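Only heavy atoms go into these numbers, but all of them, side chains included; no hydrogens, no water, no symmetry mates. For ligands, and for the atoms within them, numbers begin at 1 and follow the listed sequence. Just so it is clear, the structure is predicted and the values come from calculations on it, not from any experiment.
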Amino acid sequence: MKDIIVLGIESSCDETSVAVVKNGKQVLSNVINTQIAIHTQFGGVVPEIASRKHIENISDVTNEALKQANISLDDVDAIACTYGPGLVGALLVGVSYAKALSYATNKPLIGVNHIKGHIAANYITTPELEPPFLCLIISGGHTHLVHIKSYVEFEILGKTRDDAIGEAFDKVARVIGLGYPGGPKVDALAKEGTPSIQLPKTHFENLDFSFSGIKTAVINLHHKTPDINKADLCASFEKTVTEELLANTLEAAKKLNINKIALAGGVSANSYIRNSFTELAKKGFEIYYPDIKLCTDNAAMIASAGYYDYMSGKKSDLKLNAVPNLKLE
Ligand code: KG4
Ligand code: ZN
C-alpha cells in the first residue's frame with residue numbers, strides 16, 4: 001500500500017505546532033513552538049497574544065517541519081488542522097493557514113477535532129494499540145472518558161460538569177503561589193508531601209466528573225490555614241482527583257467489559273496519575289500513555305487523527321471554520 005503523508009497543524013491554544021506523519025503512526029517531524037514563557041508573565045494564556053504569536057510563527061514552524069522531515073509540500077498527501085475546540089482567534093490562524101496551503105497545492109484539507117488528536121497520540125507512542133479501548137482525556141481544557149469504538153467512532157461515557165482537571169491543577173498552583181503552568185509544579189511539589197489532608201470527592205449517578213468543589217476546598221484551606229504544608233496539600237489534591245479518575249474509569253471498564261485503558265492530554269503527563277494507572281496492570285488491565293512530549297499540545301497527534309479521518313473518507317472544504325466549542329462525536 002502507498003504511504004500516506006499528512007501535514008498536521010495545531011494552534012488551538014498556546015502552542016504553534018506543525019508535524020509530518022507517515023501512515024498515522026510514524027512521526028517524521030513534530031515542531032512545537034510554545035508560548036509558555038510569554039503567557040507566564042500574565043499567569044495564564046492571553047488569547048489575543050496567543051493569536052498574534054501564532055501568526056508570527058506559523059510559516060517558520062511549517063518550513064522547519066518540512067525541512068526536518070526532509071520532504072517538500074509536493075510529497076504531502078493531505079493537510080490536517082485543528083478546527084476546534086480551542087480559542088477562536090488561535091484556531092483561526094491554523095485553519096486559515098491550512099486552507100491556504102490546501103488551495104495553493106490542491107491537496108485535501110482535513111479539519112481535526114483537537115480531542116481526537118489527544119487520543120491519537122497513543123497510536124504514535126504504541127503503534128500496536130488498536131480500538132476498541134477506553135480513553136481518559138485529561139487536559140487543560142477537557143476531561144472526557146471515551147469509548148474508542150474504532151479509529152473514527154467515539155462514544156462519550158462521562159465528562160466534567162464544571163472545571164477541566166488541568167484547570168483545577170493550574171488554579172491550585174496559582175493560589176498557593178507556584179506559578180503557571182501549574183500542573184508540572186504541583187506534580188513536582190506533591191512528591192515531597194504526604195496525602196494526609198482530607199478533601200471532598202464528588203460522585204454522580206453517571207460517569208461524569210466534577211473538579212470545582214475540590215479546587216475550592218484546596219483554595220479555602222490555603223486561605224484559612226496560611227501555614228498549611230503546601231507539599232501535603234498538592235499530594236492530597238493529586239490523590240483525591242486520581243481516585244475520582246480511577247473510580248469512573250474502572251466502572252466504565254466493568255460495564256463495557258474492556259480491559260484496555262489509554263490516557264491522553266496534558267494532565268496524563270502527571271507522574272502520580274501515571275503510576276496509579278500503571279498499578280492497574282496488576283489487576284489484568286492493559287494501560288497505555290502517550291510519550292510525555294505527545295501528552296501536551298502538538299501537531300503530530302493532529303496529523304495522526306487526520307490520517308484516520310482521511311482514510312475513512314472524511315474531508316473538509318474551504319468553508320472550514322474554527323469551532324471554539326466543538327464537541328466530540
Ligand atoms: O493538553 P494540553 O497541552 O492542553 C489542552 O488541550 O488543554 O494540557 C495542558 C494542561 C495544563 O493544565 C497543564 O497544567 C497540565 O496540562 N499538565 C499537567 C502536567 N503537565 C501538564 N498537569 C499535571 N501534572 C503534570 N505533570
Ligand atoms: Zn490539548
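- For the 3.5 Å distance criterion, the side chains of Tyr308 and Ser150 fail to qualify, holding no donor opposite an acceptor.
- A salt bridge is absent between Lys171 and Asp163: the closest approach of a Lys/Arg side-chain nitrogen to an acidic carboxylate oxygen does not fall below 4.0 angstrom.
- Side-chain contact annotation: Glu10 with Ser12, donor-acceptor N/O pair under 3.5 Å present.
- In this structure, of Ala168, Gly86, Gly183, the residue bringing a heavy atom nearest to atom 18 (C) of ligand 1 is Gly183.
- Residue Leu92 is found in a hydrophobic cluster whose other members, listed by chain and number, are Val88; membership requires side-chain heavy atoms under 4.5 Å apart, directly or through intermediates.
- Near Asp297, meaning under 4.0 Å from any of its heavy atoms, are these atoms of ligand 1: 1 (O), 2 (P), 3 (O), 4 (O), 5 (C), 6 (O).
- Among the atoms of His114, an N, O or S atom falls under 2.8 Å of the Zn ion (ligand 2).
- Counting the atoms of ligand 1 from 1 in the order shown, those under 4.0 Å from a heavy atom of His118 are 1 (O), 6 (O).
- For ligand 1, the atoms closer than 4.0 angstrom to any heavy atom of Gly166 are 12 (O).
- Between the Zn ion (ligand 2) and the N, O or S atoms of Asp297, the shortest distance is to OD1.
- Under a cut-off of 6.0 angstrom, the local environment of NZ in Lys53 is sparse, with at most 12 non-hydrogen atoms contributed by other residues, nucleotides or ligands.
- Taking every heavy atom of Ala269 and a limit of under 4.0 angstrom, the matching atoms of ligand 1 come to 20 (N), 26 (N).
- Residue-ligand proximity: His114 is placed with a non-hydrogen atom under 4.0 Å from ligand 1.
- Between Phe169 and Phe237, the ring center distance clears the sub-6.0 Å criterion.
- Of the candidates Leu28, Leu73, Val18, Leu73 is the only one forming a side chain to side chain contact (heavy atoms under 4.5 Å, CB included) with Leu66.
- Donor-acceptor pairing under 3.5 Å is recorded for the side chains of Asp162 and Ser210.
- The protein heavy atom nearest to atom 9 (C) of ligand 1 is Gly140 N, 3.7 Å.
- Look at His118 and the Zn ion (ligand 2): an N/O/S atom of the residue is under 2.8 Å from the metal.
- Ligand 1 lies nowhere less than 4.0 angstrom from a heavy atom belonging to Cys13.
- Atoms of ligand 1 lying under 4.0 Å from at least one heavy atom of Cys295, given by number and element, are 1 (O).
- Every atom of ligand 1 is numbered from 1 in the order shown, and the set under 4.0 Å from a heavy atom of Thr296 is 3 (O).
- Residue contacts with ligand 1 leave out Ala173, since none of its heavy atoms falls under 4.0 Å from the ligand.
- Centroid-to-centroid, the aromatic rings of Tyr307 and Tyr123 stay 6.0 Å apart or farther.
- Of the listed options Gly266, Ala164, Ser139, Gly266 places a heavy atom closest to atom 17 (N) of ligand 1.
- Ion pairing between Lys239 and Glu243 holds under the 4.0 Å rule for side-chain N and carboxylate O.
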